[in-house]
Amino acid sequence: MRIGKIAPALVLALAAATTAACGGGDTSSSAPKELVYWASNQGTSLDNDKAVLQPELDKFEKASGIKVKLEVVPWTDLLNRILAATTSGKGPDVLNIGNTWSASLQATGAFLPFDDAALEKVGGKSRFLGPSLAATGASGQPPVGVPLYGQAYGLYYNKKLFSEAGITKPPATWEELVEDGKKLTKPDKGQWGLSLQAGQVTENSHHAAILGAQQGAQFFTPEGKPQLASDPSVTAVQQFVDLMQKDKIVNPANAEYADTAKSLKDLSDGKAAMFMNQASAGSFKNIGMDMANLGVAPIPLPATTPPNGRKVSSFVAGINMSVFKGTKNPDAALDFVKFMVSAPEQALLNKTYGSLPTVQDAYSDAAFQTEDVKVFQNVLANSAEPMPQVPQESQFETLIGTAMKAMFADVAAGKPVDGAKIRDQLNQADQQIAAGS
């Protein structure tokens, strides 16, 4: 069958449909720009994030004429969704990424490099905090994004439970954390010394990195060869798993905790006395925690520094904002990024989530002069190091975090997890990473 000449109006309609199907909206100068934005889950729920972000997106649309379609993606799905988009080419225009994935996603070549010109379009390189900017990709290459939310890990604790147990200050060493945790654990009353997101792959890998640094672990050689199964790594993972297994200060039910909200609520409700997490005062406030009872301190170091151990109480945590290279609206995408990292938005959003601004000109806001914020600022500046900035970093997180999730499940089921079992799992992870390199 021969098709005759197509009317010009139909051609335009088909072109518009094709553009919409590929994402990114209409690129003609006369049509309003439209962006698709994948936001990471920062608040107490996906709906909470929508309630926080949508008014800001509406504000941006009113000022720029650029509409932003929002989807909040849970952490359990985010990395897989991003990797699928890099393969298929069907993704959003702008998205949030965990900053630990920067080098891995950079290696895909699917993202717009934030070279000097792109950085100037969003306000300039000098505005961003050095530690946060250091976690935006491999050294010597243009960043794969810009920092959006700054984060560091700390030890939150319930002051009321500490007082009732006769404990006058937060633990300063790991040994004190375990000792205090035992005093605070009362299973018959439904109270535990510490809450863990033991069922969440990403969180497990983060704690492996922090404790691994304290023990002297280097998960990759300078050439990028994986060495997860080192003695310090095994010791660090054993130390973390033993919080539930040997020390018994963590409820075995935490083996199924796959989101932050449950641990936040346990601390708020007095079911747990301590919780190691990224800055989250805003989320505690949102769930009704009595903020007078909320304390925070750095994650403790060992009383005696192990050989080659580093004084690390967090990694350089946070969320970066990236742009897919295939966006149909690169200028609009950069305009949106510029809006999100502007001082007013940085102050508003980080204040709401309890995270840290990533730009220096947002710290004049009084919300970032409080004692708890200063704890995290000090950690980020003085006792944090970036996760391994290697292309295999996302594999590292997935493999070590998944192995630890299974270990906690074994402990909860009464199956012992010893050093030999841990080393075997880490050896398998080394082999898988090496095979995929």
Side-chain angles (χ1 to χ4, degrees), residues 74-77 79-80 98 100 153 155-156 174 177-178 180-182 184-187 190-215 217 219 228-230 232-267 271-278 299-300 314-315 317 387 394-430 432:
W75 282 104
T76 49
D77 299 337
L79 181 58
N80 287 337
T100 64
Y153 271 77
L155 177 71
Y156 280 105
W174 190 264
L177 180 144
V178 173
D180 289 348
K182 289 178 179 178
L184 291 157
T185 297
K186 302 173 183 179
Q191 178 181 311
W192 296 83
L194 183 73
S195 182
L196 293 180
Q197 300 166 71
Q200 189 182 116
V201 170
T202 304
E203 281 299 308
N204 283 328
S205 68
H206 290 173
H207 289 294
I210 295 168
L211 299 183
Q214 294 182 5
Q215 293 296 331
F219 294 104
L228 277 60
S230 68
S233 302
V234 172
T235 300
V237 173
Q238 184 80 70
Q239 176 184 351
F240 195 59
V241 172
D242 276 349
L243 291 169
M244 181 186 291
Q245 177 176 241
K246 177 185 173 184
D247 306 323
K248 299 186 185 301
I249 64 173
V250 174
N251 188 342
N254 284 188
E256 298 182 3
Y257 275 25
D259 61 70
T260 310
K262 291 180 179 178
S263 289
L264 291 170
K265 190 155 181 20
D266 279 357
L267 194 79
K271 294 181 180 179
M274 295 180 282
F275 174 41
M276 295 181 287
N277 197 49
Q278 297 178 34
I299 290 177
S314 178
F315 64 91
M387 293 283 271
S394 63
Q395 284 181 283
F396 158 76
E397 285 199 39
T398 299
L399 291 170
I400 198 169
T402 300
M404 292 169 70
K405 176 181 175 180
M407 291 173 200
F408 277 115
D410 282 346
V411 171
K415 301 174 184 177
V417 174
D418 59 16
K421 187 169 188 175
I422 293 171
R423 191 178 301 276
D424 177 65
Q425 291 293 305
L426 298 186
N427 267 319
Q428 290 184 43
D430 278 335
Q432 286 180 262

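For this chain, numbers begin at 1 and follow the sequence in order.
Surrounding NZ of Lys405 are at most 12 heavy atoms belonging to other residues, nucleotides or ligands under 6.0 Å away.
The minimum heavy-atom distance linking Ile249 with Val178 is given by the pair CG2-O, 4.2 Å. Taking each heavy atom of Ile299 and Trp174 in turn, the nearest pair found is CG2-CZ3, 4.3 Å. Here the closest heavy-atom approach between residue Ala229 and residue Arg423 is recorded as O-NH1, 3.0 Å. Residue Met387 comes nearest to Ala209 through the heavy atom pair SD-CB, 3.3 Å, listed as atom of the first residue, atom of the second, then distance. Nearest heavy-atom pair across Leu194 and Ala272 is C-CB, 4.3 Å.
Side chain of Ser233 to main chain of Leu228: a donor-acceptor pair is present (N/O by atom type, distance under 3.5 Å, no hydrogens or angles). No donor-acceptor distance shorter than 3.5 angstrom exists from the side chain of Ser230 to the backbone of Ala217, with no hydrogens or angles considered. Using modelled atom types, no side-chain atom of Gln278 and backbone atom of Ala317 make a donor-acceptor pair closer than 3.5 Å. Side chain of Gln238 to backbone of Gly419: a donor-acceptor contact under 3.5 angstrom is found.
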Which is it for Trp192 and Leu184 under the side chain to side chain contact (heavy atoms under 4.5 Å, CB included) test, yes or no, and what are the steps along the way?
-> CA-CA 6 Å; Trp192 296 83; Leu184 291 157; over 6 Å; no
Worked verdict on Gln395 versus Gln432 for side chain to side chain contact (heavy atoms under 4.5 Å, CB included) = CA-CA 9 Å; Gln395 284 181 283; Gln432 286 180 262; 5.6 Å; no
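Gln428 and Asp424 share a donor-acceptor pair across their side chains, judged by distance under 3.5 Å alone. A donor-acceptor pair shorter than 3.5 Å cannot be found between the side chains of Ser205 and Thr202. Side-chain polar atoms of Gln239 and Gln215 form a donor-acceptor pair below 3.5 angstrom.
For Phe408, the ring-ring contact (aromatic ring centres under 6.0 Å, His included) partners two or more places apart in sequence, or in a different chain, are Phe240. Asp242 meets the salt bridge (Lys or Arg N to Asp or Glu O under 4.0 Å) test with no other residue; sequence neighbours excluded.
One finds the CG atom of Asn204 at 4.5 Å from the CE atom of Met404 (value rounded to the nearest 0.5 Å). Rounding to the nearest 0.5 angstrom, the gap separating the NZ atom in Lys248 from the NZ atom in Lys182 is 10.0 Å.
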Would you mind writing out the side-chain donor-acceptor pairs for residues 254-261 within the sub-3.5 Å range, not counting sequence neighbours?
{"from": "Asn254", "atom 1": "OD1", "to": "Leu196", "atom 2": "N", "distance (Å)": "3.0"}
{"from": "Tyr257", "atom 1": "OH", "to": "Asp266", "atom 2": "OD2", "distance (Å)": "2.8"}
{"from": "Asp259", "atom 1": "OD1", "to": "Ala261", "atom 2": "N", "distance (Å)": "3.1"}
{"from": "Asp259", "atom 1": "OD1", "to": "Lys262", "atom 2": "N", "distance (Å)": "3.3"}
{"from": "Thr260", "atom 1": "OG1", "to": "Gln197", "atom 2": "OE1", "distance (Å)": "3.0"}

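Ring pair Tyr153/His207 is perpendicular by interplanar angle, where above 60° counts as perpendicular and below 30° as parallel.
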